**Student:** 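Have a look at this one.
Proteins get letters first, then strands, A, B, ... in listed order; numbering begins at 1 in each. Since this is a predicted model, take the numbers as computed values, not measurements.
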Amino acid sequence: MNRFSYVRPDAVAAAVRERASDPGARFIAGGTNLLDLMKYDVEAPSRLIDITRLPLRDIQEIDGGLRIGALVPNSDLAYDPRIEERYPLLASAILAGASPQLRNMATTGGNLLQRTRCVYFYDTATPCNKRTPGSGCSAIGGINRQHAILGASEHCIATNPSDMGVALAALRANVRVAGPDGERTIPFSEFHRLPGDEPQRDNNLAADELILSVDLPAEHFAANYTYLKLRERLSYAFALVSVAAALRLEDGKIAEARLALGGVAHKPWRDEEAEELLRGQPAERASFEQAALRILSGARGFGENDFKIELARRAIVRALEQAAAGTPQSQSDKRVQ
Amino acid sequence: MVQTSTAPLPSSARPYVGTGQRRIDGVSKVTGQARYAAEFPADGLLYGHVVSGGALASGEILRIDTRAAEAVAGVVRVYTHENRPRQPWFDSTYQDQVAPPGIPFRPLKDAKIVYSGQPVALVVAQSLEVAAYAASLLEITYREEPFRTDLAAEQSNAYVPPEKRAGIEPPPPDRGDVDRALAEAPVKVEASYFVAAEHHNPMETHASTVVWNDGKLTVYDKIQGVVASKEYLNEVFGLSPDDVHVISPFVGGAFGVGLRPQYQLFLATMAALDLRRSVRVTLTRDQMFTLTYRPHTIQHLALGAERDGRLTAIRHEAVAATSTFEDYQEVVVNWSGLGYRCPNVAFDYKLAKLHTYTPSDMRAPGAATGVYGLECAMDELAHAAGIDPLELRLKNYAEEDANTGKPFTSKQLRECYRQGAERFGWSRRSPRPRSMRDGRELIGWGLATGFWEASMQQTSARAVLSADGGLELATATADIGTGTYTILAQIAADAMGVPIEQVDVKIGDSSLPASPLEGGSWTAASAGSAVQKACFGLREQLFHHARAMEGSPLANEVLERIIFTGGRMEVANDPSRSVVVADVMAALGLEKLAAEETAKPDQDAQENYSGYTHSAIFVEVRVDEELNVVRVTRIVDAVAAGRILNLKTARSQILGGVVFGIGMALEEQSELDHRFGRFMNHNIAEYHIPVNADVRDIDVIFVEEHDDKVSPIGVKGLGEIGIVGTAAAIANAIFHATGKRVRDLPITPDKLLRDDVDGVSSGMARAG
């Protein structure tokens with residue numbers, strides 16, 4: 001771990017100023033990922049801007065939806081009565097991730113910024129384009145059971161590890177950010193990036209921008225939803241494939257569908273065409289199969305992770321079945337319904 | 001209800017042995033007072049951070065630039081192969097107690113790279129943080145040479161190790177005519193099985209605190225036996241025995257990785273002697289993957305049987321990984337010769353050299369691997385013959401060890417099968433695969449047999465009785481979390497008839513009476529026998545003193561009729577005749593009374609009998625038919641291991657072993673990238689071991705077993721038997737649930753899914 005300076009501003013504007021004044025600075029809140037990255041010498045910030053004193057800890061009502069402050073801890077968010085009642089998909093996805101201890105520390109904004117778990121990214125002795133642009137992608141032709149099947153590039157096949165983000169993608173959340181020139185709002189689906197030829201950039205946040213909140217729209221799918229996560233052990237492992245599914249049903253037909261995948265791409269993967277395909281269809285297996293095939297039509301494996309294409313297909317169908325039946329996956333009982 | 005042999009040890013009226021006792025060191029552990037190797041303070045302590053080598057497994061260091069690191073304030077010295085202090089010339093000097101044949105790895109010996117991640121420098125600084133930061137500033141240039149880390153590719157170069165590893169029985173001679181028996185067998189199966197490389201991953205990472213005091217060293221080391229570290233340091237650094245004192249009172253798990261002194265001990269000691277300062281070196285979790293590992297092993301088994309299931313032939317072949325510089329060996333294939341009665345058996349055990357560090361013992365070394373292969377093959381045979389897997393095993397029950405022709409010291413395996421099956425409800429099993437389900441989940445029941453060696457090693461112990469009634473035990477042995485402290489106290493409390501609270505146990509110190517490494521499941525039998533013998537020595541002294549006292553109520557008695565209880569010596573069946581022990585001490589004016597004894601295994605029993613523990617393990621899995629999510633929902637493990645000293649810690653040993661087996665079956669694998677010759681998932685987020693959600697009901701049965709040959713106290717040991725067979729039972733249960741044979745551990749979701757897609761069971765060959 002390198003030497004760094006440390007500041008703890010009290011106001012958003014001051015925090016943004018600190019960041020803008022030092023390209024090597026990083027914001028830190030829960031630190032559940034950044035501290036690891038510093039110990040591994042993957043990140044070597046010159047300055048840590050501790051934002052935990054900023055007034056971003058509230059969950060507020062907005063336009064029928066909710067505004068979640070960037071510093072709301074994952075645990076508080078998952079167990080907030082308004083979230084549990086109106087956005088159980090989000091609560092479920094959060095509880096599918098990490099451990100209680102990590103969720104107590106991890107924040108809403110930090111969750112959006114966590115970095116990939118690719119083993120090569122974490123090992124500075126190996127080439128990695130995300131860590132050292134231009135050095136090459138070791139996961140291609142290497143250990144890649146965890147890696148992307150959608151939207152990858154020849155430069156990077158890493159995945160975004162977040163569970164919470166998959167639910168936020170399905171719920172069509174917005175990310176409100178502050179920069180030197182004021183605030184702006186980024187639709188969640190445009191927040192994270194695909195690797196392309198700049199895999200070092202995980203998202204579209206400018207270097208001097210700070211996440212203020214994640215805003216949830218009014219539609220919340222509390223009746224028909226699920227978060228199904230498949231992994232190599234029953235808890236405390238990153239997803240091989242996860243599916244956030246949400247349906248609004250009218251007379252047995254799908255009036256509105258939301259579908260997002262985790263563990264398969266450089267970003268939480270949402271396919272509007274697949275969602276559109278489901279609209280108006282009967283809520284039954286044949287429809288779900290169609291949607292799954294649509295989402296996975298461009299999927300490509302890299303060897304060890306070839307199986308994910310079939311696993312994702314099955315998981316999507318199962319998740320839609322769970323959502324349609326109103327029997328969401330329990331995150332405490334690991335039995336798949 | 002746990003059943004066990006509860007007959008008290010001789011003469012104890014109020015037995016602790018055979019009951020469930022809390023750990024006597026439990027409070028000190030949960031309150032943080034128990035100190036581990038990296039926690040002992042020292043004046044002026046310096047901190048060493050190991051610099052691990054790059055992503056290549058063979059080659060040499062061309063240049064190592066330490067200037068930036070040395071310029072960091074607080075850095076005291078950066079050691080590399082270029083400036084390290086002089087080392088002994090002969091490689092043999094570096095051989096520790098359990099070094100396999102070959103040349104031990106010598107840290108910083110020269111510029112050569114022999115495995116990926118090997119230590120290439122040590123940065124010593126005033127603080128851990130400065131050392132770690134400075135370590136990140138080293139610039140190292142390598143020249144890479146070709147290296148090989150792919151076991152499957154190296155199979156063709158496998159060889160029979162020319163020099164055998166001490167203490168490891170090579171495969172016995174083949175018997176009968178296996179080729180012919182297989183050719184004639186009406187039922188046969190043939191398949192290959194793969195066990196992945198695994199790292200031990202104890203909670204406590206390796207650490208050594210070397211306290212320098214005017215040339216003398218007090219060394220706090222993470223080690224499974226202080227004597228091993230002491231001997232190593234004496235040899236390597238040419239120190240006289242008096243100048244090295246090794247202390248290791250607590251070990252935060254080891255599972256075998258603490259059997260050989262690891263490189264942090266060498267580096268910390270080198271720096272301490274050179275700088276004439278105290279130095280601590282602690283490894284990071286990542287660096288724990290640059291130490292030794294359970295070797296990945298390819299096995300090939302062929303079984304032949306009559307139609308009624310009687311075995312006629314077993315061929316068991318294995319190729320296991322070793323390093324380029326040492327021939328690590330374990331007992332993998334021998335189990336097939338003693339597990340079941342079979343007239344024709346052939347063995348083959350080979351090694352393949354890989355550019356990795358040398359593998360070493362990991363919980364039930366060899367057996368965890370070999371018995372997995374044998375017990376899966378037995379399940380395949382049962383299926384092929386249309387016989388219940390339990391019935392098949394009973395039909396081929398071995399009444400003697402056919403590898404040696406010797407009878408077993410004891411073998412209550414039949415009773416393990418009976419009690420385990422009854423508790424599990426095995427008779428309700430529907431034989432056909434895929435025939436049991438609950439909604440979308442397929443249910444499978446599988447079983448396996450477990451075998452492990454039962455032995456004891458020569459061990460010395462001292463017992464000191466104080467006038468105030470306190471009893472202090474001392475032996476150099478280790479407690480690696482197994483409960484050694486507690487069982488020694490129980491044995492002594494019973495022997496002396498004192499409350500367990502009065503017993504103080506001192507272990508993990510090279511100045512105490514000699515003890516072997518803590519391993520092989522032999523510590524309870526060995527240290528326990530030594531402690532009991534020392535206590536018996538005390539009893540003899542006390543009795544002689546008591547009998548000689550004027551007007552002694554014991555005047556005409558013999559020791560055999562005396563019971564030590566409640567701080568008194570009383571005549572059996574006549575408690576009115578008794579002497580208070582404290583009175584004897586007072587009358588003689590004794591502050592302390594001491595006895596030191598050495599317990600040895602019975603030579604006659606060693607030569608004429610074969611000692612093994614046994615188990616029968618029954619497993620229920622539930623597998624989502626479509627998604628292949630596997631849940632291990634129920635396990636019953638029935639164990640026959642002689643006398644059970646402490647029902648609580650004994651059960652914990654079995655639980656721990658079984659959980660290890662769940663990890664082996666479903667999760668654990670150290671993944672090598674052959675381009676870098678490097679284990680890549682080198683942290684415990686990506687190297688998966690079971691978490692609470694993976695572990696459900698585990699029911700442990702201790703079957704009553706009387707054994708008077710393995711050790712004087714009737715103990716056979718429990719540290720390893722819990723893992724043996726567990727992975728096979730789980731794999732067999734998955735087959736029963738799904739009809740899929742995955743012969744490639746761990747059974748991760750991708751392998752079960754591949755089977756769906758390809759319609760071919762994964763693994764290296766199909767059942768014939």
**Student:** In terms of heavy-atom pairs under 4.5 Å with chain A, which of B:Glu667, B:Arg631, B:His682 leads?
**Tutor:** B:Arg631

**Student:** Could you tell me if A:Asn305 and A:His147 have a donor-acceptor pair between their side chains, going purely by distance under 3.5 Å?
**Tutor:** no

**Student:** Do the side-chain N and O atoms of A:Gln322 and A:Gln329 include a donor-acceptor pair separated by under 3.5 angstrom?
**Tutor:** yes

**Student:** Checking heavy atoms, do the side chain of B:Ser136, its backbone, both or neither come under 4.5 Å from chain A?
**Tutor:** both

**Student:** Can you find a side-chain donor-acceptor pair between B:His674 and B:Thr149 that sits under 3.5 Å?
**Tutor:** yes

**Student:** At a heavy-atom separation under 4.5 Å, does A:Asn2 approach chain B through its side chain, its backbone, both, or neither?
**Tutor:** both

**Student:** Is it the case that B:Tyr357 and B:Ser116 place a side-chain donor and acceptor less than 3.5 Å from each other?
**Tutor:** no

**Student:** Taking atom types as modelled, is there a side-chain donor on B:Tyr687 or B:Glu668 under 3.5 Å from an acceptor on the other?
**Tutor:** yes

**Student:** Side chain, backbone, both or neither: which part of B:Asp624 has a non-hydrogen atom closer than 4.5 Å to chain A?
**Tutor:** side chain

**Student:** Ignoring hydrogens and geometry beyond distance, is a side-chain donor-acceptor pair present between A:Tyr227 and A:Ser242 at under 3.5 Å?
**Tutor:** yes

**Student:** Given a strict heavy-atom distance threshold of 4.5 Å, which part of A:Arg335 is in contact with chain B: side chain, backbone, both, or neither?
**Tutor:** both

**Student:** Heavy-atom distances under 4.5 Å only: say whether B:Arg696 touches chain A with side chain, backbone, both or neither.
**Tutor:** side chain

**Student:** Flag the one option from A:Ala237, A:Gly141, A:Ala315 with the top tally of heavy-atom pairs under 4.5 Å to chain B.
**Tutor:** A:Gly141

**Student:** Taking every non-hydrogen pair under 4.5 Å, which of B:Thr284, B:Thr633, B:Asp286, B:Asn683 racks up the most with chain A?
**Tutor:** B:Asp286

**Student:** Which bit of B:Glu626 comes within less than 4.5 Å of chain A, counting heavy atoms only: side chain, backbone, both or neither?
**Tutor:** both

**Student:** Sort out for me which of B:Asp694, B:Val629, B:Ile689 touches chain A most, counting heavy-atom pairs under 4.5 Å.
**Tutor:** B:Asp694

**Student:** Quick check on the interface: out of B:Val72, B:Leu137, B:Asp750, who has the most heavy-atom pairs with chain A under 4.5 Å?
**Tutor:** B:Asp750

**Student:** Any side-chain donor paired with an acceptor under 3.5 Å for A:Asn111 and A:Ser162?
**Tutor:** yes

**Student:** Counting heavy-atom pairs under 4.5 Å to chain B, which of A:Glu304, A:Arg233, A:Arg231 comes out on top?
**Tutor:** A:Arg233

**Student:** Whether the B:Asn628 and B:Lys751 side chains hold a donor-acceptor pair (N or O, under 3.5 Å, no angle test) is what I'd like checked.
**Tutor:** no

**Student:** Can you find a side-chain donor-acceptor pair between A:Arg115 and A:Asn160 that sits under 3.5 Å?
**Tutor:** no

**Student:** At a heavy-atom separation under 4.5 Å, does A:Arg318 approach chain B through its side chain, its backbone, both, or neither?
**Tutor:** side chain

**Student:** Does this structure show an ion pair linking B:Arg440 with A:Glu321, if we count only N-O contacts that are shorter than 4.0 Å?
**Tutor:** yes

**Student:** Where is the tightest heavy-atom contact between A:Val243 and A:Leu259, given as atom of each residue plus distance?
**Tutor:** CG1-CD1, 3.8 Å

**Student:** Could you look at A:Ser138 and say if it's the side chain, the backbone, both or neither that has a heavy atom under 4.5 Å from chain B?
**Tutor:** both

**Student:** Between the side chains of A:Glu232 and B:Thr748, does any donor sit under 3.5 Å from an acceptor?
**Tutor:** no

**Student:** What part of A:Leu311 gets closer than 4.5 Å to chain B, counting heavy atoms only: side chain, backbone, both or neither?
**Tutor:** both

**Student:** For the interface with chain B, which of A:Leu230, A:Asp123, A:Asp306, A:Leu228 has the highest count of heavy-atom pairs at distances below 4.5 Å?
**Tutor:** A:Asp123

**Student:** Is it the backbone or the side chain of B:Val630 that comes under 4.5 Å from a heavy atom of chain A, or both, or neither?
**Tutor:** backbone

**Student:** Which answer fits A:Tyr40, side chain, backbone, both or neither, if we ask what part of it has an atom under 4.5 Å from a heavy atom of chain B?
**Tutor:** side chain

**Student:** Quick check on B:Ile684 against chain A: is it the side chain, the backbone, both or neither that has a heavy atom closer than 4.5 Å?
**Tutor:** backbone

**Student:** Against chain A, label B:Asn692 side chain, backbone, both or neither, depending on which of its atoms sit under 4.5 Å from a heavy atom there.
**Tutor:** neither

**Student:** In terms of heavy-atom proximity below 4.5 Å to chain A, should B:Leu672 be classed as side chain, backbone, both, or neither?
**Tutor:** backbone

**Student:** Picking from B:Leu56, B:Asp438, B:Leu666, B:Val130, which has the most non-hydrogen pairs under 4.5 angstrom with chain A?
**Tutor:** B:Asp438

**Student:** Between A:Tyr120 and A:Arg131, is there a side-chain donor-acceptor contact under 3.5 Å, judged purely by atom types and distance?
**Tutor:** no

